[in-house]
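Below you'll find the structure, written out as structure tokens, and then a few comments.
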Amino acid sequence: MTDNQQPILDKGVTSGDELPLAHLKRWQWWFLVALNIFFLIVGQAAAVLLGRFYYDQGGNSKWMATVVQTAAFPVLFIPLFLFRSAKDTLTSTNPPSILVLLLIYFSLGSLIALDNWLYSTGLLYLSASTYSLVCASQLAFNAVFSYFINSQKFTILISNSVIILSLSSALLAVDDDSERPAGVSKSKYFFGFICALGASALYSLLLSLMQLTFQKVLKRETFTVVLEMQIYTSIVATIVSVVALFASREWKSLPHEMAGFGKGRVSYVLTLVGTAVAWQTCSVGVVGLIFIVSSLFSNAISTVSLAVTPLAALVIFHDKMNGVKIIALLLAIWGFVTYLYQNYIDESKAQRRRNETGESRVERSPC
């Protein structure tokens, strides 16, 4: 089985294991990586801050906060049509059946809806800074899932990253001085912590399952496959969330919620629309990095955003940053840097192997 920790440029030992985008030049590959990193970091930070703003100004519907996390999927049809080409229909010699695709998209979409609800509940009962730091544990969860599902190797540096990020979350769990949003009891704070932690674990599982789907089922080489995955799973997740919104009867409180929103009706609508667009931008970056690099790398970049968000929350919402939060933030950054260094080592080894392969081919070529 292939080692998913290796950079994507090191694909292609055999044609059967050939990884997507291997035909790109090195700078083109890094450009795609950088573009998806930008989408992920900016989208996630904006979405978390807008989500906290929604609750602070009087919003209280967890299922509405869940719906907006996937409701903006129609905007992705624009790049889908722009990126689609005749090659898209030729890149997979054995395309999966419609029934298999429906089952995959329905399963992943339903899990995404549940994951989004857990995130929305966690953000309701936690401050934006605490929420972001707890969610940084997703890298640790993803390292474990990648090991069992995607054959991700566990090195000393990766193990170190998992331990450090776990300690970061544990610090927040036992911190009695953590600032809680107004009206949130200690029991609700703990429930929000559990939901955020559970959402991180489920999110990490989703990333590994998506990577497995790209490698074993879809097997296509264009960015179109990323957009299709995002669109179809978002459709399912949105439908599930809307059904839950009506089944929970939270929809009845929405007119009153809009009327009582602190910044007014227009701000209420713009907040929900902005949150929807931000989450969809983030999702494109997440799925893109899974496709181009690996699920573990995608989660590592998410950790960067989650480390940046508390600083933005400090400025925008004046969140309290006590000593425990600062230590947790530093641990989260340390865990990310450790993983990034491991990825740098893998890239260097892959480059040396490519150079050695190239030189051996030149030596064997006839005069």
Side-chain angles (χ1 to χ4, degrees), residues 40 43-44 47-48 50-52 54-55 59-73 76 101-126 131-132 134-142 144-146 148-150 169 188-214 228-251 254 272 275-276 278-280 282-287 290 295 298-299 302 306:
L40 195 161
Q44 183 167 260
V48 172
L50 286 172
R52 185 63 254 172
Y54 165 76
Y55 288 133
N60 197 47
S61 173
K62 295 186 289 292
W63 279 112
M64 174 54 72
T66 301
V67 169
V68 297
Q69 292 185 47
T70 53
F73 70 85
L76 297 180
L101 288 177
L102 288 175
L103 180 61
I104 289 174
Y105 291 140
F106 178 79
S107 300
L108 292 178
S110 299
L111 287 176
I112 288 172
L114 174 60
D115 187 53
N116 290 344
W117 182 85
L118 290 172
Y119 273 126
S120 299
T121 305
L123 189 56
L124 174 61
Y125 298 131
L126 302 176
Y131 166 87
S132 298
V134 172
C135 290
S137 64
Q138 65 193 34
L139 182 59
F141 285 116
N142 196 217
V144 176
F145 287 126
S146 294
F148 289 104
I149 298 176
N150 309 120
S169 296
K188 288 184 177 179
Y189 171 86
F190 183 73
F191 179 68
F193 177 88
I194 295 300
C195 286
L197 196 63
S200 298
L202 182 54
Y203 174 78
S204 299
L205 176 61
L206 280 165
L207 291 185
S208 292
L209 292 176
M210 284 184 178
Q211 183 176 344
L212 186 66
T213 301
F214 286 137
E228 288 177 342
M229 170 68 78
Q230 181 59 30
I231 289 173
Y232 298 142
T233 56
S234 293
I235 290 174
V236 174
T238 302
I239 293 174
V240 172
S241 300
V242 170
V243 170
L245 175 66
F246 282 90
S248 66
R249 299 183 179 275
E250 286 187 6
W251 66 274
L254 294 183
L272 294 179
T275 304
W279 275 123
Q280 209 58 230
C282 170
S283 296
V284 171
V286 168
V287 181
I290 295 173
S295 62
S298 178
N299 224 337
S302 296
L306 292 170

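This structure is a prediction, so every number in the text was calculated from the model and none was measured.
Atom OG of Ser283 is separated from atom CE of Met229 by 12.5 Å, given to the nearest 0.5 angstrom. Going from atom CZ of Phe190 over to atom NZ of Lys188 covers 16.0 Å, rounded to the nearest 0.5 Å. Tyr203 OH to Asn116 CG: the interatomic distance, rounded to the nearest 0.5 Å, is 10.5 Å. With rounding to the nearest 0.5 angstrom, the CD1 atom of Ile194 is 13.0 Å from the OG1 atom of Thr121. Distance check, rounded to the nearest 0.5 Å: CG of Leu108 to CG of Leu206 gives 6.5 Å. Considering OH of Tyr119 and SG of Cys135, their distance stands at 4.5 Å, rounded to 0.5 Å.
Under 3.5 Å, the side chains of Thr66 and Ser241 contain no donor-acceptor pair of N or O atoms.
Here the side chain of Thr238 pairs a donor or acceptor atom with the backbone of Thr70 at under 3.5 angstrom. The backbone N or O of Lys62 lies less than 3.5 Å from a partner atom in the side chain of Glu250, making a donor-acceptor pair. Between the side chain of Ser248 and the backbone N or O of Leu245 there is at least one donor-acceptor pair closer than 3.5 Å. A side-chain donor-acceptor contact under 3.5 Å links Tyr55 to the backbone of Ser120.
Summarising the geometry of Trp63 relative to Ala113, their closest heavy-atom pair is CZ3-O, 4.5 Å, with the distance given to 0.1 Å. A pairwise comparison of heavy atoms in Tyr54 and Ser61 identifies OH-N, 3.3 Å as the closest pair. The minimum heavy-atom distance between Phe141 and Ser204, with the atom names listed, is CB-OG, 3.5 Å. Shown here for Val134 and Leu197, the closest heavy-atom pair between the two residues is CG1-N, 3.9 Å. Gln280 approaches Gln230 most closely through the heavy-atom pair OE1-NE2, 2.8 Å. For Cys195 against Gly122, the heavy-atom pair with the smallest separation is CB-N, 4.0 Å.
Contact of the Leu205 side chain with the Asp115 side chain is not registered, since no non-hydrogen atoms from C-beta on lie closer than 4.5 Å. Within the 4.5 Å cutoff, no side-chain heavy atoms of Ile112 are placed close to those of Ser234. With a 4.5 Å cut-off on side-chain heavy atoms, Ile104 and Leu209 do not count as touching. By the 4.5 Å heavy-atom criterion applied to side chains, Phe148 and Ser208 are not counted as neighbours.
Under the side-chain contact (heavy atoms from CB on, under 4.5 Å) test applied with Tyr125, the options Phe193, Phe191, Tyr189 reduce to a single match, Phe191.
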